[in-house]
Amino acid sequence: MKIEKLLIIGLLLASSLSAASRTVGAEEALTSIGEAMKVSAPGDTIFIQPGTYREETIYIDKPLVIIGRDYPVIDGMNKGYILEVRSDSVTVKGLMLINVQKSYTKAYSAIHVYGSKNFVIEDNKLRNSFFGILIERSKEGLIRGNRVIGNAVTEQSSGNGIHAWHSDRLTISDNHVEGMRDGIYLEFVNKSEIVGNLSRNNVRYGLHFMFSNDDRYLQNRFENNGAGVAVMFSKRIDMRQNEFALNWGSASYGLLLKEILEGEIVDNTFHRNTIGISADGASKITFSHNNFDNNGWAIRFHGACYDNDITKNNFRHNALDISYKGPINGNVFDQNYWSEYAGYDLDKNNVGDVPYRPVKLFSYVVNKTPETIILLRSLFVDIINFSEKVSPIMTPDNLKDNRPLMKPVEIDDRS
Amino acid sequence: MLKILKYSFMDLMRSRWSYVYFFFYLVLGFVLFFLNSDVTKAVITLMNVIIVLTPLIGTIFGVMYFYSSREFTELLLAQPLKRKTIFAGQYLGVSLSLSMSLVVGVGIPFVIYGIFGSAAIWDFSTLLLVGAFLTFIFVALSFNLALAFKDRIKGFGFSILMWLFMAVIYDGLFLLSMMIFDDYPLDKLALGATLFNPIDLSRILILLKLDISALLGYTGAVFKNFFGTGLGLLLSLIMLSVWVLIPGALMLRQAEKKDF
């Protein structure tokens with residue numbers, strides 16, 4: 001028994017000893033990273049000294065740990081990818097990657113992970129990269145604390161910050177993505193978590209889901225993007241404690257829901273967006289404990305939205321709270337706080353005694369004829385809104401909140 | 001003319017109603033800042049008030065002044081003075097004193113709360129400019145009506161109706177026509193229709209200055225391309241000036257021909 005144990009320990013020691021650590025630098029034996037890849041064995045750790053390395057595509061085809069000291073600069077010289085990760089268990093940490101080739105046919109990126117498991121991409125800085133971090137057919141990866149900063153101008157000539165395709169169980173956390181096309185883009189990515197990222201000033205979306213199911217994103221901040229977050233053709237997405245701010249423009253919104261089933265939208269803040277949530281074909285979604293303040297529209301329901309539950313949210317100072325098309329379709333508005341509610345609460349139970357109708361006549365008219373928005377804030381519109389409020393004729397009769405709250409709901413957002 | 005202008009102006013400056021009007025704006029400004037010290041938001045709220053109120057006050061004041069100073073006007077008419085100078089002087093006196101109440105009344109609280117250091121300074125100056133324009137336009141219109149009707153009640157009635165038409169009914173007809181013809185491209189029509197109502201024109205001018213313009217979507221983009229450019233701004237200011245000049249000229253012509 002004892003001998004066996006000793007043997008095992010001995011073997012472990014031997015294997016750990018065989019995993020050498022190497023250093024690349026101007027004054028070291030190895031001066032180029034590509035060279036270091038060739039001589040290293042699986043399991044090695046490679047340290048990269050500060051400096052600038054001009055490298056063409058570096059292939060990483062064995063499990064390696066690559067650690068940069070003081071962010072050594074790896075210049076891709078505008079020739080294809082910079083790091084090609086093709087093996088399991090690769091760690092890339094602390095690098096500064098610059099200059100990736102632009103292309104209209106290929107998605108060149110600073111870090112390309114293909115068919116890998118258990119990879120870690122942490123604490124890197126990416127500049128002037130066409131795509132930032134591109135992950136394909138991979139599983140169980142961690143992408144944390146990277147800063148991807150670009151200067152995208154048009155959608156056609158720019159790439160996404162973090163782009164994942166056909167991957168499962170990824171964790172994307174605490175990254176900062178700025179000035180790209182989409183901040184974070186997920187297509188066919190399941191069971192993943194996106195936590196605590198900051199995505200701002202991107203040309204298209206801050207975060208973009210396509211055909212991705214069972215994902216969670218929480219505590220992210222999306223600011224001043226073409227549009228905040230687009231969730232399309234996905235199921236069971238859990239959205240919590242995010243902040244959607246300043247997505248302001250004539251076709252902009254905080255959150256777009258398009259063909260979505262069974263999501264949860266809880267504890268989020270929507271602040272100063274042209275449209276807080278734009279829902280089109282969104283069904284069986286729970287909207288609760290969200291703050292909507294100072295948006296143009298808080299929620300716009302287009303068509304085909306069934307059985308949504310809008311409960312215990314705060315709607316404060318939005319130009320128009322809800323815009324709605326078609327019949328009620330099983331959507332429920334209940335126990336929300338509306339800053340424009342003018343009812344009373346005689347029994348002091350914090351629930352207003354008269355129902356609140358969140359769809360104003362003007363918002364109904366605008367839905368039918370968008371050009372009439374030009375009459376916003378005119379006296380006539382105030383008058384017709386008031387008369388409709390007193391006796392509703394045009395707006396859907398059963399679209400109302402029967403138990404509007406007198407005081408705002410306490411919300412567990414990050415601030 | 002300058003002498004009559006000065007006389008009318010001083011007369012109104014001494015009148016109680018000018019002070020009431022001035023203090024109303026002063027208090028409004030301070031209350032706005034008391035409730036919310038954000039200058040941009042105060043400008044938005046103020047817009048709602050100014051767009052409705054300056055035309056109304058201009059109308060009522062114009063009619064009131066014209067009728068109450070009628071005897072004095074008749075006295076002046078007996079003097080060797082041109083009719084044009086008399087009426088133009090009175091008109092400018094009323095309009096200037098009302099505009100001054102507005103600018104000073106609203107200006108003081110905004111200056112105290114730091115409009116000069118704020119980015120909203122241009123929005124605010126547009127607002128004041130538009131307010132002054134509206135005053136000039138509606139005083140001219142009401143003088144026209146007052147000249148046309150000897151009967152005070154009729155004059156008042158028609159003036160109020162005119163204000164109601166411009167402020168409310170016009171928008172109603174506008175909305176209705178847009179809803180009826182919504183199969184057609186409407187943005188050109190909407191653009192044209194706003195040019196023909198000074199209240200709408202002022203509202204759009206200020207709305208586009210404020211960042212609420214993003215709400216307006218596609219139509220807003222059309223409007224922004226028009227009004228947002230230097231040319232559009234120039235054109236809308238010209239349009240507002242035309243709105244001052246035509247009723248003014250009509251008023252003078254009517255005064256020339258009228259048998260007192």
Side-chain angles (χ1 to χ4, degrees), chain A residues 224-228 245-254 271-276 278 293-300 302 316-321 323 339 360-388 393-394, chain B residues 36 38 41 44-45 47-49 51-53 55-56 163-191 193-194 197 199-200 202-204 206-208 210-225 227:
Chain A
N224 198 19
N225 299 297
L246 307 170
N247 297 297
W248 197 261
S250 57
S252 197
Y253 33 75
H271 174 66
R272 292 187 73 85
N273 304 290
T274 305
I275 302 173
S278 173
D293 68 79
N294 291 297
N295 301 291
W297 283 269
I299 308 182
R300 259 193 114 156
H302 294 275
R316 279 185 267 215
H317 315 297
N318 303 297
L320 299 164
D321 286 329
S323 138
S339 61
K360 290 179 189 161
L361 178 58
F362 184 55
S363 129
Y364 173 83
V365 169
V366 167
N367 239 343
K368 276 190 73 178
T369 319
E371 284 86 356
T372 52
I373 187 84
I374 209 71
L375 292 169
L376 183 77
R377 284 179 193 278
S378 70
L379 187 58
F380 179 73
V381 164
D382 291 347
I383 293 172
I384 60 167
N385 275 341
F386 179 74
S387 63
E388 177 75 9
I393 305 162
M394 310 274 276
Chain B
N36 167 5
D38 183 352
K41 282 207 179 127
I44 296 181
T45 317
M47 179 199 90
N48 290 334
V49 177
I51 292 295
V52 175
L53 215 59
L56 181 64
W163 171 79
L164 203 64
F165 179 78
M166 290 293 196
V168 182
I169 299 169
Y170 187 89
D171 286 348
L173 296 174
F174 185 15
L175 184 78
L176 214 61
S177 60
M178 281 209 279
M179 287 183 75
I180 291 169
F181 297 110
D182 72 349
D183 291 341
Y184 299 88
L186 287 171
D187 31 272
K188 291 272 158 58
L189 173 84
L191 210 65
T194 43
N197 182 342
I199 297 184
D200 273 343
S202 318
R203 187 171 49 80
I204 299 290
I206 297 166
L207 269 188
L208 288 179
L210 303 170
D211 59 354
I212 201 152
S213 59
L215 270 188
L216 305 180
Y218 167 72
T219 321
V222 171
F223 271 69
K224 192 143 201 168
N225 280 343
F227 289 113

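What you are looking at is a predicted structure, and each value in this text was computed from that prediction instead of being measured. To find a chain, count down the sequence lines: A is the first, B the second, and so on, and within it residues start at 1.
Contact detail for B/R203 and A/L376: the closest heavy-atom pair is NH1-O, 2.8 Å. Considering all non-hydrogen atoms of both residues, A/R377 and B/M47 come closest at CD-CE, 3.9 Å.
For A/L320, no part sits under 4.5 Å from any heavy atom of chain B, backbone or side chain. The part of A/I383 that comes within reach of chain B is its side chain, from C-beta onward, which places non-hydrogen atoms under 4.5 angstrom from that chain. With a threshold of 4.5 angstrom between heavy atoms, B/L175 approaches chain A through its backbone and through its side chain. Proximity to chain A is limited to the side chain of B/V52, based on heavy atoms less than 4.5 angstrom apart.
To the nearest 0.5 Å, atoms CZ (A/F380) and CG (B/L176) are separated by 7.5 Å. Atom CD1 in B/I204 sits 7.5 Å away from atom CG in A/L375 (nearest 0.5 Å). A/T369 OG1 to B/M179 CE: the interatomic distance, rounded to the nearest 0.5 Å, is 5.0 Å. Between A/S378 atom OG and B/F174 atom CZ the span is 9.5 Å, to the nearest 0.5 Å.
Annotation: side chain of B/D171 is not in contact with side chain of A/V381 (no heavy-atom distance under 4.5 Å).
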